[in-house]
Each structure stands twice: as structure tokens, then as C-alpha cells.
Chemist: 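Pasting a structure below so you can have a look.
Just so you know, these numbers use all the heavy atoms, side chains as well, and skip hydrogens, waters and symmetry mates. Chain naming here is simple, since letters A, B, ... match the order of the sequence lines and numbering starts at 1 in each.
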Amino acid sequence: MVGQDTPRYRAVNWILRVLLLLAALSCLLPILNTVAISFSSKRYVNDVMFWPKGFSLSAYKKILEDEQFFRSFWVSVKKVVVGTSINMCLTLLMAYPLSKSERIFPARGHYMRVIIVCMLFSGGTIPWYIVIKELGLLNSFWALVLPGAVNISNTIIMMNFFKGLPPALAESAAVDGASPLQTLVHIYIPLSTPSIATLSLFSIVGHWNDYFNGMILINDPQKIPLQTYIQSLVADISTKINSMTAEEIQAFSEISSLNFNAAKIVVAMIPVMVIYPILQKYFVTGLVMGAVKE
Amino acid sequence: MKNRKDQRYYHLMLIPGMIFLFLFSILPMFGIVIAFEDFKPAKGVFGSEWVGLQWFEYMFKLPDTGQIFCNTLIIAVAKILLNLIVPLIFAIMLSEVPGKHFRKFVQTVTYMPHFLSWVILAGILTNFLSLEGVVNSIVELFGGDPVQFLASNEWFRKILVISDTWKGFGYSSIVYLAAIMNIDQQLYEAAAIDGAGRFKRIIHVTLPGMLPIIMLMLTLSLGSVLSANFDQVFNLYSPVVYKTGDIIDTWVYRSGLLGYQYSLATAVGLLKSVVSTILIVVSYKLADKFAGYRIF
């Protein structure tokens, strides 16, 4: 293009580079700080910036002895696997009939209205809690996965994707004698693996990151997921730290184990960090998919 | 095209999901009757005494109510504005900077906080912002007095708004980047031939090209003016900052689930739900009318 090689243009490019680098650093440094704390010796926890001070693996060794951590980690893994499977099965089962036109599936409008009402309005936390209590789900693993079994926005994204597939596919399958379920399993699902992958990854991250259900629906510490466990630790520490003077914090961090907590936070981040590169490849497509209009 | 047997399949495929929606979304909607009762768990929803609008009257007399609605509104509106402006500027900067690999690097790093939970980020920010944390070390380096950011009523809202923007600006910029990519390159070339510099091109080509998506995002965020993000506030606040940081959702959680004032908390939550739903419906209608955007 014209005028791209002037000194002024290049100078602005350098300013942009610096500003964007600062933005990237702003995202990286707080995380790095906690990672550095987790690898530091207890004594120097308060002096750590972005590099461990008095390098030590003691915090991670301590995690290996923390039974609660492992139990919660396992609960989280179960929650992710079971929860995501339920989410995806229901998403696909619901999205398929909803993607049909009213001409083919006249009752579609009624179902859509129910779904839209559920999406727009909620009874609030307290009635939701009372219902779950009355269903006898409190303190059970199922309380972590069943209340969120239907993910409405995922269902709508999937529905819009199915709508984009040529209707002739389903018609010719029907001529060959396939039932709608067979058409879904043998034709629609193989054609939409990228979208299914995207939605599954989002569902995995969502289940991994959820602490709220574990916090209010589960009382038994044996059954809480990892994020709920870490939430209780962080809440405990931050209430204390927020009401302390600098000297008190110094003294407190010598007896407590800020590096131990930091290590737990780091380990809880690892699964998301592992999925993240795969996720990144897909989520732009996912967002574009969500914008597909009727 | 209508096929009897297929209809049965369609209904059967929808039923499992509908059962879950009925249990966990529709039943709680009926549960809002407890906002009009003096609900006692022992007596149940059907056995509790009917009190009409008593809780709503009580709510408006309660000094907390004005405070939490006010806090929620201030925090939510500030977040909506910054969550619009910062990703927008970021996307424009990103699209102007040369170097594919550099762009990719910046994107990878800035999208990351979006995928971490507020539990994790609260742990990280507590370390980062504590009296002995990195930020205060820098403040002291420049001769300032250290601040207890998360325990200061002067700072708490600012921290909420800044950290919310910080978590989401990278990820939110995706939509704007996509809009910039869709702008016709010929417009830029024509502008360049007319002698427009980079800044002029941004003002006269990029921004007008992004206007529809900007309006759409602004309209759709209307529904969240009463939702200041429970997860974030809950994980960062403490009793010292209730005055400036307590929002409707956290108050409902504390008074309802921790304080067992089920009816009062449901009434407050109901008021919020109703207002939010109206705003969302209005915003969807506006989005449909002005941007031709339809979700369903």
C-alpha cells in the first residue's frame, strides 16, 4: 500500500509492538508470579517477583502428601468426563430435531419456546437449591453434573450448524430407510466433528472451572471438586491477608504455606493449559459458528 | 415430507433434555412462589404461610438494598463500557501491527486468562495485589505508600472492573478482529490513494466498518447491567469491602444460603431476574431491528 515505508509509519509500528507486548506481559506476569511463588522456599515467599527465590520443590512434595488434593482432583476428573459426555449427548440429541424446519417437524416451535424461556429467565439461586435438595441430590456426585446437563447455548450453536448441512442428506437417508437417530449418528455426527470438538472442549473447561455447585450442593469434603477445594483455601487466606499489616503478613507467611497454596493453584491450571493449544485452534471457528443466523 | 414415525423419533430425542430442563430450570421458576410466602423448610413450599408482597416491602426498607443495587449497577456498567472499548482498541492495534508470528504470540498469551476460573485468578490476584505483592513492591519503588487493594473501599470497585477487563479483553477482541478482516481491502487502498494516513484510515474506514458489530455488542450487553459477575466478586471480596463491592448476587447468596432467609433472598433475586429478562428481550429486539441479528 501507499505510504507504508515512511519513517513515521515504522515508528508507529514500534510503538504498537511495545504496547501489545505490554498487554501480553500484563496477562503473563501475574500468572508467572504465582508459579514463581510455588517454586520458592517458604522464607522468601514475600520477596518473589517473577523468578523463584530460594528454589524449592517442597510445596510440590507436600501436595503429594495431601490426600484431600488428590481426592478432589479425581472428583474433578470424573465431573469433567461424565459431565461433558452428558452435555454432548443431550446437545446432539436435542439439536438434531430442532434443526428441522416446522414443515418437517411441526412441534419444533413449542420446544423452542420452552428452551428460550429457560435461557432468558431463571428462578434464582434459592428455588434452584431447594429443588435440588428436594430431589435428594445434595451431597451426591450427580449434583455436580445433572443440574447443568443441558447447555442451551451449545444446543443452539449445534442446531445452527446442523441447519447449515444440506437437507438432501437427511432426505436421501430417509429414502434408504434410516431412522432420524440413525441419520444423526451415521451422517450428521461424522460431518460435524470440528463443531463437536469445539463444544466438547468448552464443556470440559467449563466443568473443570466450576466451583459453585461443589460449594453449595456438597458438604462432604470427600466429594468436593478441585476448584471448590482451592476456593475454600484461597478464601481463607485472602480474608486473613486482607485484614493484616505488612509485618503480620510476613509472620503469617512464615508459619502458613503461601507457596503450598500457589502450587495447588498451578497444578489446577495445568489441565486448562494442556487443552488450551488445542482449544485455541478451534475456538475462533466456534465463535464464528455461534454467529450463524437463521 | 412429514413422516409419522419420524415425528415419534424427534419427540423421543428431545425428551431427555426436556426432563432436565423441567427439573432444573422450570421447577425453580415455580419455586419463586416462596418470595410471596414466609417459607420455612420444615413446612415446605405448599405448607408455608402466604404473605403476599411483604418481603418486597421489607426489601425496600432495608438499607442494604439500595446499596447492593447501586454497587451492582456501577460495577456492571463500568465493566460493560471497558469490555467494549478495550477489546476494540486492542483489536485495531493488533490488526495494524506487522508480523504474523508476533500477532499470534500476543493473541495466544492474551486469550489465556479467559479460560482460567475466577477461583484460580483470585488466588493469583491475591498474591499479586497483597501488601507484600508485586504491585506494591513497584509502588514502593517509586516512593508511594503501599495499598491494600482488595481491602480498600476506594480501590475495590476499580480492581473488579480492571481485572474483569484484563481477563476478557483478549478473547473478546476475536469478534472485532473478525469484523476488521471482513472490511473490503479496496476501501483502504482508495483511502491511501486519497492521501489518508494510518490514523485517518482507522477513523474513516476501520471504525465505520466495525460500527454494526460495535452496536450489536453494546446492545447485547444491556442484559447484564444487573449482573456484575458473581464468580469474580465472590472470590475477591471480603467483609471489609461489602460497602462498595457487595452485589445483588453475592447478597442473595449470603442472606439466602448462608443466612437461611430463603424468602427475602428469593424476592431480591426475583426482582433482578425480572428486570434482567426484560432488558435481554428488549436488547434482542433492538439487535434484530438495527443489526438484523437473530439468535433463534
Chemist: Applying a criterion of heavy atom separation less than 4.5 Å, what residues of residues 208-216 of chain A form contacts with chain B?
Modeler: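 Within residues 208-216 of chain A, the residues under 4.5 Å from chain B are N209(A), Y211(A), F212(A), M215(A), I216(A).
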Chemist: Side chain, backbone, both or neither: which part of L121(B) has an atom under 4.5 Å from a heavy atom of chain A?
Modeler: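 It is neither, since no heavy atom gets under 4.5 Å.
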Chemist: What residue, out of N33(A), V272(A), L184(A), has the most heavy-atom pairs lying under 4.5 Å from chain B?
Modeler: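 Ranked by heavy-atom pairs under 4.5 Å with chain B, first place is N33(A).
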Chemist: So what's closer than 4.5 Å to chain A heavy atoms on I34(B): side chain, backbone, both or neither?
Modeler: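 Side chain only.
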Chemist: Would you mind telling me which of V33(B), I26(B), I32(B) makes a side-chain contact (heavy atoms from CB on, under 4.5 Å) with F30(B)?
Modeler: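 Going through the options one by one, the only one that passes is I26(B).
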Chemist: Heavy-atom pairs under 4.5 Å with chain B are the metric here; pick the option from G124(A), A268(A), P30(A), C118(A) that has the most.
Modeler: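 Of the options given, most contacts go to P30(A).
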Chemist: Looking at L146(A), L28(A), N261(A), I230(A), which makes the most heavy-atom pairs under 4.5 Å with chain B?
Modeler: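 Top option by heavy-atom pairs under 4.5 Å: L146(A).
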Chemist: Within a 6.0 Å radius of atom CD on E102(A), are there more than 12 heavy atoms belonging to other residues, nucleotides or ligands?
Modeler: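 More than 12 within 6.0 Å, yes.
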Chemist: Looking at M273(A), E134(A), K264(A), which makes the most heavy-atom pairs under 4.5 Å with chain B?
Modeler: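 Winner by heavy-atom pair count: M273(A).
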Chemist: Using the side-chain contact (heavy atoms from CB on, under 4.5 Å) definition, which of the options M13(B), Q7(B), H11(B) pairs with P97(A)?
Modeler: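 Of the listed options, the one satisfying the test is M13(B).
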Chemist: Identify which of G123(B), G195(B), P146(B) forms the greatest number of heavy-atom pairs closer than 4.5 Å to chain A.
Modeler: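 Heavy-atom pairs under 4.5 Å are most numerous for G123(B).
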Chemist: Relative to chain A, which segment of D249(B) carries a heavy atom at a distance below 4.5 Å: side chain, backbone, both, or neither?
Modeler: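 When you check distances to chain A, no heavy atom of D249(B) falls under 4.5 Å.
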Chemist: Which answer fits L135(A), side chain, backbone, both or neither, if we ask what part of it has an atom under 4.5 Å from a heavy atom of chain B?
Modeler: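 Interface part for L135(A): side chain.
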Chemist: Need one label for L23(B): side chain, backbone, both or neither, based on atoms under 4.5 Å from any heavy atom in chain A.
Modeler: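 Both the backbone and the side chain of L23(B) come within 4.5 Å of chain A.
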Chemist: Only pairs of heavy atoms separated by less than 4.5 Å count here; which of G123(A), A24(A), A149(A), P147(A) has the most with chain B?
Modeler: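 If we count pairs closer than 4.5 Å to chain B, P147(A) comes out on top.
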Chemist: Between I124(B) and chain A, which part of the residue has a heavy atom less than 4.5 Å away: side chain, backbone, both or neither?
Modeler: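 Looking at I124(B), backbone and side chain both touch chain A.
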Chemist: Looking at CG of L131(B) and CD of E140(B), how far apart are the two atoms once the value is rounded to the nearest 0.5 Å?
Modeler: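 Reported to 0.5 Å precision, the distance equals 8.5 Å.
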Chemist: In terms of heavy-atom pairs under 4.5 Å, which option from M18(B), K272(B), E96(B) contacts chain A the most?
Modeler: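 Top option by heavy-atom pairs under 4.5 Å: M18(B).
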Chemist: Do you know which of A107(A), A235(A), S179(A), P277(A) has the most heavy-atom pairs with chain B at a distance under 4.5 angstrom?
Modeler: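 The candidate making the most pairs under 4.5 Å is S179(A).
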Chemist: Sort L98(A) into side chain, backbone, both or neither according to what part of it lies under 4.5 angstrom from a heavy atom of chain B.
Modeler: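 It is the side chain, since no backbone atom gets that close.
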Chemist: Check whether P239(B) gets within reach of chain A through its side chain, its backbone, both or neither, counting any heavy atom under 4.5 Å.
Modeler: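 Interface part for P239(B): side chain.
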Chemist: Could you tell me which of P113(B), P98(B), P41(B) has the largest number of non-hydrogen atom pairs under 4.5 Å with chain A?
Modeler: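 Max contact count across the listed options: P98(B).
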Chemist: Return the orientation label for the F115(B) and F202(A) ring planes: parallel under 30°, perpendicular over 60°, tilted otherwise.
Modeler: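 Aromatic pair F115(B)/F202(A) classed tilted.
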Chemist: With a 4.5 angstrom heavy-atom cut-off, could you sort out which part of P16(B) is near chain A: side chain, backbone, both or neither?
Modeler: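 Interface part for P16(B): both.
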Chemist: For F22(B), is it the side chain, the backbone, both or neither that has a heavy atom under 4.5 Å from a heavy atom of chain A?
Modeler: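 No part of it gets close to chain A.
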Chemist: Under a 4.5 Å heavy-atom cut-off, does chain B meet the side chain of V35(A), its backbone, both or neither?
Modeler: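 No part of V35(A) comes within 4.5 Å of chain B.
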Chemist: Report the relative orientation of the aromatic rings in F102(B) and F105(B); use parallel for angles under 30°, tilted for 30 to 60°, perpendicular for over 60°.
Modeler: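 Aromatic pair F102(B)/F105(B) classed tilted.
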Chemist: So which residue, G269(B), G44(B), S25(B), G17(B), ends up with the most heavy-atom pairs under 4.5 Å with chain A?
Modeler: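 Looking at each of G269(B), G44(B), S25(B), G17(B) in turn, G17(B) comes out on top.
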Chemist: Suppose we call two aromatic rings close when their centres sit under 6.0 Å apart. Are Y111(B) and Y276(A) close by that rule?
Modeler: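 That pair fails the under 6.0 Å test.
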Chemist: Is chain A contacted by the side chain of L270(B), its backbone, both, or neither, given a heavy-atom distance below 4.5 Å?
Modeler: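 It is the side chain, since no backbone atom gets that close.
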Chemist: Is L92(A) in contact with chain B via its backbone, its side chain, both, or neither, using a 4.5 Å heavy-atom distance?
Modeler: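 Contact with chain B is absent: no heavy atom of L92(A) under 4.5 Å.
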Chemist: Quick one: what part of T108(B) sits under 4.5 Å from any heavy atom of chain A, side chain, backbone, both or neither?
Modeler: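 When you check distances to chain A, atoms from both the backbone and side chain of T108(B) fall under 4.5 Å.
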Chemist: Between Y111(A) and F105(A), what is the ring plane arrangement, given parallel below 30°, perpendicular above 60°, and tilted in between?
Modeler: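 It falls in the parallel class, under 30°.
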Chemist: Looking at D231(B), L12(B), V252(B), which one has more heavy-atom pairs under 4.5 Å with chain A than the rest?
Modeler: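 Among the listed options, the one with the most contacts to chain A is D231(B).
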Chemist: Chain A heavy atoms under 4.5 Å from Y262(B): which part of the residue, side chain, backbone, both or neither?
Modeler: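 Both parts, heavy atoms under 4.5 Å.
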Chemist: Examine whether an atom of F149(B) lies under 4.5 Å from a heavy atom of chain A, and if so say whether it belongs to the side chain, the backbone or both; otherwise answer neither.
Modeler: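 Neither the backbone nor the side chain of F149(B) comes within 4.5 Å of chain A.
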Chemist: Which atoms of L137(A) are under 4.5 Å from chain B, going by heavy atoms: the side chain, the backbone, both sets, or neither?
Modeler: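 Only the side chain of L137(A) comes within 4.5 Å of chain B.
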Chemist: Measuring heavy-atom distances to chain A, does V281(B) have an atom under 4.5 Å in its side chain, in its backbone, in both, or in neither?
Modeler: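 Side chain of V281(B) only, per the 4.5 Å heavy-atom cut-off to chain A.
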